[in-house]
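Indexing begins at 1, ligand by ligand and atom by atom, following the structure's order.
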Amino acid sequence: MSNQRAKLVVGNWKMHGRLAVNAVLLEGVVRGAQALPQDVRVAVCVPHPYLAQAQALLGGSRVAWGAQDVSVHEQGAYTGEVAAGMVADFDATYAIVGHSERRAYHGESSEVVAAKAQRALEAGVTPIVCVGETLEERESGATGQVVGAQLDAVLAVLSADEAARIVVAYEPVWAIGTGRSASSEQAQEVHAFLRARLAAKGAQVANVPLLYGGSVKPENAADLFRQADIDGGLIGGASLKAGDFLAICAAAAAGADIAG
Ligand code: 13P
């Protein structure tokens, strides 16, 4: 049974793209998105230098854009960092925070991720807060403990009203870029757990979009998106091909689960 919340599909380009290929990809996504039912929201999170390009090519279309990270600081002597306010200057709707690649390669703790979510909200940018367990953590039965602690760290620094304005993405580390997606049942189980944690923060927090990420493809998207607590996807590799990304967006449309 699918739920009544509108679906959201977000592409995470990671560190891919150049001006010329981006233009082809963005134009393809804009064109294809016109045919999507209105109940599907679509966005792409691009590397910081391409925010201006996304703004220029997506402005006025139904495809929103965002960044893949923001600094914990508002401004200052932090060479190489990009502030949430700078991202907001380019009309970014979203900023991913706490992606597992940042946690793993840049040592980001859940407290750092929480501060980034705060900076995004202050700048009027919706943070997409990523949580997820490693394979070892899953196999040792620690999935709930790990993702629960990652989410709680963010909820702890937000008011209920602020928490109601975030997006959460469950991305099991073992499913990212491996071609091995979580099964729909595995994903739904964790999403239901996260939903309960959100609901405990306040009634208005219970319905924040909960995205699944990790090897989502046109072939498995409809089955994932029909789960009761899966409100869409955070798409890596497949977001770099307009056709695949649009097929995943189409799978999120109401009724796609009946056809699929
Ligand atoms: P893949 O879709 O390439 O597995 O990546 C998922 C992801 O990390 C999105 O943020």
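In terms of polar-atom proximity, T178 is not counted as a contact of ligand 1, lacking any N or O under 3.5 Å from an N or O of the ligand. At a 3.5 angstrom cut-off on N or O pairs, G237 counts as close to ligand 1.
Contact annotation for I176 and ligand 1: heavy atoms of both the backbone and the side chain come within less than 4.0 Å of the ligand. Only the backbone of A175 comes within contact range of ligand 1, with a heavy atom under 4.0 Å; no side-chain atom does.
The environment of E185 atom CD is dense: over 12 non-hydrogen atoms of other residues, nucleotides or ligands sit within 6.0 angstrom.
Partner D231 forms a salt bridge (Lys or Arg N to Asp or Glu O under 4.0 Å) with one of R5, K7, R41 and no other, that one being R5.
For atom 4 (O) of ligand 1, the nearest non-hydrogen atom from the set G132, G177, G11, G236 comes from G177.
With hydrogens and angles disregarded, a donor-acceptor distance shorter than 3.5 Å links the side chain of Q188 to the backbone of D229.
Side-chain contact between R138 and V190 is present, with heavy atoms from C-beta onward closer than 4.5 Å.
Heavy-atom distances between A238 and ligand 1 stay at or above 4.0 Å for every pair. Residue contact check for ligand 1: K14 places a non-hydrogen atom closer than 4.0 Å to it.
No hydrogens or angles considered: a donor-acceptor pair under 3.5 Å links the side chains of H99 and E171.
Using cut-offs of 30° and 60° for the angle between ring planes, the Y170 and H191 rings count as perpendicular.
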